[in-house]
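Please read the structure below before turning to the comments.
A quick note: this is a predicted structure, and the numbers were derived from the prediction, not measured. Here is the naming used below: chain letters follow the sequence lines, and residue numbers restart at 1 for every chain.
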2 protein chains.
Amino acid sequence: MTYQEGTIDSAFAALADPTRRAVFEAVIAEAQPVGMLASNFTVSRPAISQHLKVLSDAGLVDRQRVGTRNIYFARREGLQALRDYLNGFWDQALASYETGLDKWLKENKA
Amino acid sequence: MTYQEGTIDSAFAALADPTRRAVFEAVIAEAQPVGMLASNFTVSRPAISQHLKVLSDAGLVDRQRVGTRNIYFARREGLQALRDYLNGFWDQALASYETGLDKWLKENKA
DNA sequence: ACTTACGGTAAGGTATGACTTACCAAGAAG
DNA sequence: CTTCTTGGTAAGTCATACCTTACCGTAAGT
């Protein structure tokens, strides 16, 4: 496997929350400081900060300080890991025409 | 957008739990009845049943009754929706060389 | 220096989620 | 018809997740 299990775990968990996924989408659309992000959501700024930490720990975003501001931006490698993971399943799912229901029925006299 | 938000939501949430993702992987590898799945996990059979319900509601698996058995198998459409979603982001992330950190720095005299 | 802007972290409340055991319905088998 | 197998569901426990307010440190502006 080319990915780290821990990374995939945290990436899925990070994107599972709708609010946090929306934050991620906003960061992908445009690199932004925390306050600018928070102004587009109904939840408080600390909540956004916490979401950004989760996304950061999952390797999906990174940041750079500029004065007192923290500019968050997307990490392509994070998305890539998820894509690779799902593509692997996709290949297997395509191949599993013969590991699917039909195969089970055939092998179990049903 | 070609996908349903609700579907993506539930799919990410479904795959966020490590145990449930392992169940999903097992179902992808081979269609199986519930008991056979449960025998490969340390958690109880009802727990597996509940995980399968979540996966089913997320459109990632489906089932077919054979006698008293319920054979679960993977739904390719479920995986496809996730792939499409991530690929959309990927395209955007590739294009965002100019919506990334550099752009923000440029536009904000920093 | 003082004040304001920005944002990370702590503490705590509340909801959700994953798991357990107990129970029940339905089909297969004797 | 009775018995065993299979598996879905209910009820309850316990941990985790998300949010809030309060607080603090740091940099910028006047």
Side-chain angles (χ1 to χ4, degrees), chain A residues 6 9-27 30-58 60-73 101 104-105 107-110, chain B residues 6 9-27 30-58 60-73 101 104-105 107-110:
Chain A
D9 257 10
S10 54
F12 269 115
L15 297 182
D17 181 73
T19 301
R20 191 162 46 228
R21 205 169 62 250
V23 170
F24 183 51
E25 296 179 13
V27 170
E30 184 181 4
Q32 297 173 57
V34 178
M36 186 178 305
L37 276 167
S39 68
N40 293 323
F41 290 87
T42 58
V43 298
S44 67
R45 182 194 50 74
I48 301 294
S49 248
Q50 289 157 8
H51 282 311
L52 287 168
K53 171 152 183 44
V54 173
L55 291 170
S56 177
D57 289 345
L60 291 170
V61 303
D62 206 349
R63 60 174 160 176
Q64 178 168 322
R65 295 212 57 141
V66 177
T68 71
R69 289 191 254 255
N70 248 333
I71 317 299
Y72 279 86
F73 54 94
L101 184 57
W104 193 90
L105 292 173
E107 292 175 354
N108 293 272
K109 62 171 179 18
Chain B
D9 257 11
S10 53
F12 269 116
L15 296 182
D17 181 73
T19 301
R20 190 161 47 227
R21 205 169 61 250
V23 170
F24 182 50
E25 295 179 13
V27 170
E30 183 182 6
Q32 299 173 57
V34 178
M36 186 178 307
L37 275 166
S39 69
N40 292 324
F41 289 87
T42 58
V43 298
S44 66
R45 183 193 48 75
I48 301 293
S49 248
Q50 291 157 8
H51 282 311
L52 287 168
K53 171 151 181 44
V54 173
L55 290 169
S56 177
D57 288 346
L60 292 170
V61 302
D62 205 350
R63 59 173 161 177
Q64 179 169 322
R65 295 213 53 142
V66 177
T68 71
R69 288 192 255 254
N70 248 333
I71 317 300
Y72 279 86
F73 54 94
L101 184 58
W104 192 92
L105 292 173
E107 291 176 353
N108 292 271
K109 61 170 182 17

Take the protein atom CG of A:Leu52 and the nucleotide atom P of C:dG8, then report the distance between them rounded to whole Å.
7 Å
Considering only D:dT20, C:dA22, C:dG8, which nucleotide approaches the side chain of A:Gln50 most closely?
D:dT20
Between D:dA22 and A:Ser44, is there an OP1 or OP2 to side-chain N/O distance shorter than 4.0 Å?
no
Need to verify one output field. Residue with the more 5' nearest nucleotide on DNA chain C, A:Thr68 or A:Pro46?
A:Thr68
Nearest whole angstrom, please: distance from the P of D:dC18 to the CZ of A:Phe41.
14 Å
Rounded distance (Å) that lies between atom C1' of C:dA10 and atom NZ of A:Lys53:
14 Å
From CE of A:Met36 over to P of C:dA5, roughly how many Å is that when rounded to an integer?
16 Å
Starting at atom CD of B:Gln64, determine the distance to atom P of D:dG8, rounded to an integer number of angstrom.
14 Å
In whole angstrom, what separates A:Ile71's CD1 from C:dG7's P?
7 Å
Below 4.0 Å: OP1/OP2 of C:dC6 and any side-chain N or O of A:Tyr72:
no
Could you check which of C:dA18, D:dT20, D:dG8 has an atom nearest any side-chain atom of B:Arg45?
D:dG8
Please determine whether a side-chain nitrogen or oxygen atom of B:Asn70 lies at a distance below 4.0 Å from atom OP1 or OP2 of D:dT6.
no
Closest of D:dC19, D:dG7, C:dC19 to the B:Ser49 side chain is D:dG7
Using whole Å, report how far CZ of A:Phe12 lies from P of D:dT16.
22 Å
Over all heavy atoms of both residues, which pair between B:Asp57 and B:Ser10 is shortest? Give the atoms and the distance, please.
O-OG, 4.4 Å
Any A:His51 side-chain N or O less than 4.0 Å from OP1/OP2 of D:dA17:
no
Closest approach of B:Ser49 to B:Val34 (non-hydrogen atoms, all atoms of both residues)
OG-CG1, 4.1 Å
Classify the nucleic acid contact of B:Pro33 as base, sugar-phosphate or nothing, counting any heavy atom under 4.0 Å across all strands shown.
sugar-phosphate
Here the pair of heavy atoms bringing A:Val23 nearest to A:Leu37 is O-CD2, 4.4 Å
Taking B:Arg69 for its side chain and B:Gly35 for its backbone only, find out whether a donor-acceptor pair lies under 3.5 Å.
no
Nearest atoms (heavy-atom pairs only) where B:Gln64 meets B:Phe73
N-CE2, 4.0 Å
Between P on D:dT26 and CZ on A:Arg63, what's the gap in Å once rounded to a whole number?
14 Å
For a quick check of understanding: with a heavy-atom distance under 4.0 Å over all strands, which category does B:Arg65 fall into, base, sugar-phosphate or nothing?
nothing
Contact under 4.0 Å: A:Arg69 side-chain N or O vs D:dA27 OP1/OP2
no
